[in-house]
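For clarity, every value in this text was computed on a predicted model and none was experimentally measured.
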Amino acid sequence: MRRHGSLTSPAGLGLHGHACWLYADDLEFHAGLLDFFADGVELGQRLLYAGTGAVEKLRADLAGLPGLDDLLGAGALRIMPLESAYDSGPTGTDAMAQLTMYAAATQTALADGYSGLRVVGDATPLVLDPAHWDAHTHWECVADRFMARNPMAALCCYDRRALPDGILSDLACVHRSSSGKPSLAPFRLFAGREGLSLAGEVDCFSADSLRRLLALATPADGDLVIELDDLEFIDHHGVLAVADHARALADDGRALRLRGAPRSFDRLNTLLEVGL
């Protein structure tokens, strides 16, 4: 079972962990980086660090990781400048190009005898331009679907000092786990057993976010299953957001199916007569 919820440390997330690490200073960033990579060493994953700056600066970021020189020498840890690790065009991150790259890197790690791939990326520069927010948030959703089914784990780091709460909230909501204020992620939308899983709480304040993130997280084709087993609360605004998404899928010849809906959801569905 992949953990979800708020984090104080990115340790213990396993081979498939996908966490949003919102840091406020360099010490907080480095603590998350080292804890996450130390787990990867224990699990036998190959490590990949992508950050901003020269390779020498990125190597210095890793000071304090046990066995650093040996890991680098053996190819168990690789360092890449962010611009080499991410394919970003005029509209932002190219999700399919990124998926191709990380899928290949995961397969190479497995072929080389590792248990998978573990990535830390400081992706702050990729979302400094608001015009790139949707493309990058979509990429995070695509990446989560891949990680749910393949032995890749990622710690996606974002500098809270450089980004507004709006994009930080979207990014936290589409990760299974995140640090920072719990209020930034009132709900979570992530890859489930069959489709998407919706956890947490949705109300009048977060329903518009859910509506927007459903559009970004839904695969491009096929019917969609939304698992609601971990949904703690939803009001009529949230149910209407899900109903709007169901209508958009129906217009495209696709169906939305719900699994594990709580009694409150079913009651609102009946009262609102939205036919979910």
Side-chain angles (χ1 to χ4, degrees), residues 1-7 13-14 16-20 134 137-150 154 156 168-276:
M1 179 70 69
R2 298 169 79 208
R3 277 173 47 191
H4 65 81
S6 296
L7 292 176
L13 297 179
H16 305 270
H18 185 208
C20 183
D134 282 358
T137 304
H138 171 65
W139 154 242
E140 292 283 18
C141 299
V142 171
D144 192 62
R145 290 199 297 274
F146 178 79
M147 283 182 264
R149 294 160 179 80
N150 295 276
C156 306
L168 292 175
S169 178
D170 280 1
L171 292 167
C173 285
V174 297
H175 285 77
R176 276 185 162 264
S177 307
S178 64
S179 64
K181 298 180 293 185
S183 59
L184 281 175
F187 66 86
R188 297 186 187 275
L189 188 66
F190 52 85
R193 296 179 300 275
E194 298 181 72
L196 294 174
S197 182
L198 176 61
E201 302 183 357
V202 184
D203 58 20
C204 62
F205 300 105
S206 56
D208 285 343
S209 295
L210 175 62
R211 186 177 283 105
R212 182 176 63 257
L213 295 178
L214 278 170
L216 294 174
T218 298
D221 51 27
D223 295 341
L224 176 66
V225 173
I226 299 181
E227 300 157 14
L228 301 174
D229 309 74
D230 294 318
L231 184 63
E232 298 168 11
F233 173 82
I234 192 165
D235 69 4
H236 71 282
H237 298 280
V239 172
L240 290 174
V242 176
D244 286 345
H245 195 61
R247 282 190 287 272
L249 288 173
D251 289 343
D252 197 33
R254 304 161 67 190
L256 173 64
R257 298 192 298 276
L258 303 177
R259 298 277 190 272
R263 184 176 300 176
S264 59
F265 189 105
D266 288 337
R267 179 166 173 76
L268 285 170
N269 181 31
T270 301
L271 290 172
L272 295 169
E273 299 181 341
V274 292
L276 288 169

Would you check if the side chain of N150 reaches a backbone N or O of F146 as a donor-acceptor pair within less than 3.5 Å? yes
So CG of L189 and CD of E140: to nearest 0.5 Å the spacing works out to 13.0 Å
Donor-acceptor contact below 3.5 Å, side chain S169 vs main chain L184: yes
Any salt bridge between R188 and D230, counting N to O under 4.0 Å? no
With a 4.5 Å cut-off on side-chain heavy atoms, are L231 and I234 touching? yes
Side-chain (D235) to main-chain (G238) donor-acceptor, under 3.5 angstrom: yes
Is there a donor-acceptor pair under 3.5 Å between the side chain of D144 and the backbone N or O of A191? yes
The test is side chain to side chain contact (heavy atoms under 4.5 Å, CB included); show your working for F233 and S264 and say whether it passes. CA-CA 8 Å; F233 173 82; S264 59; over 6 Å; no
Side chain to side chain, S197 and I226, heavy atoms closer than 4.5 Å: no
Going from NZ on K181 to OG on S6, what distance comes out if it is rounded to the nearest 0.5 angstrom? 12.5 Å
Under a 4.5 Å cut-off applied to non-hydrogen side-chain atoms, are F190 and R176 in contact? yes
Verdict with reasoning, L216 to V174, per side chain to side chain contact (heavy atoms under 4.5 Å, CB included): CA-CA 10 Å; L216 294 174; V174 297; over 6 Å; no
Heavy-atom closest pair, residues A246 and L256: CB-CD2, 3.5 Å
Taking R257 first and then D223, would you say they form a salt bridge - that is, a charged N and a carboxylate O separated by under 4.0 Å? yes
Here's a test for you: under side-chain hydrogen bond (donor to acceptor under 3.5 Å, both in side chains), which of R254, H245, H138 qualifies with T218? H245
Taking every heavy atom of L214 against every heavy atom of V242, the minimum-distance pair comes out as CD1-CA, 4.4 Å
Main-chain N/O of R149 paired with H16 side-chain donor or acceptor, under 3.5 Å: no
Does the side chain of R247 reach to within under 4.5 Å of the side chain of D244, using non-hydrogen atoms? yes
Return the minimal non-hydrogen interatomic distance between A185 and A172, and the atom names on each side. CB-CB, 3.9 Å
Other residues, nucleotides and ligands only: do more than 12 of their heavy atoms fall within 6.0 Å of CG on D221? no
For E227 and G192, which heavy atoms make the closest approach, and how far apart are they? OE1-CA, 3.4 Å
Below 4.0 angstrom, N of the basic side chain to O of the carboxylate: do R263 and D266 qualify? no
Test: D229 and R193 ion pair at under 4.0 Å: yes
Hey, does L198 have a side-chain heavy atom less than 4.5 Å from the side chain of L210? yes
Flag side-chain contact, heavy atom, 4.5 Å: S177 against H18: no
Does a side-chain heavy-atom distance below 4.5 Å link L7 with L13? yes
When rounded to the nearest 0.5 angstrom, what is the spacing between CZ in F205 and NE2 in H237? 8.5 Å
State, with a plain yes or no, whether a side-chain heavy atom of V225 is found less than 4.5 Å away from one of L196. no
Does the side chain to side chain contact (heavy atoms under 4.5 Å, CB included) test come out yes or no for L228 and R259, once each step is laid out? CA-CA 6 Å; L228 301 174; R259 298 277 190 272; over 6 Å; no
For L171 versus H175, what's the shortest heavy-atom pair and its separation? O-ND1, 2.6 Å
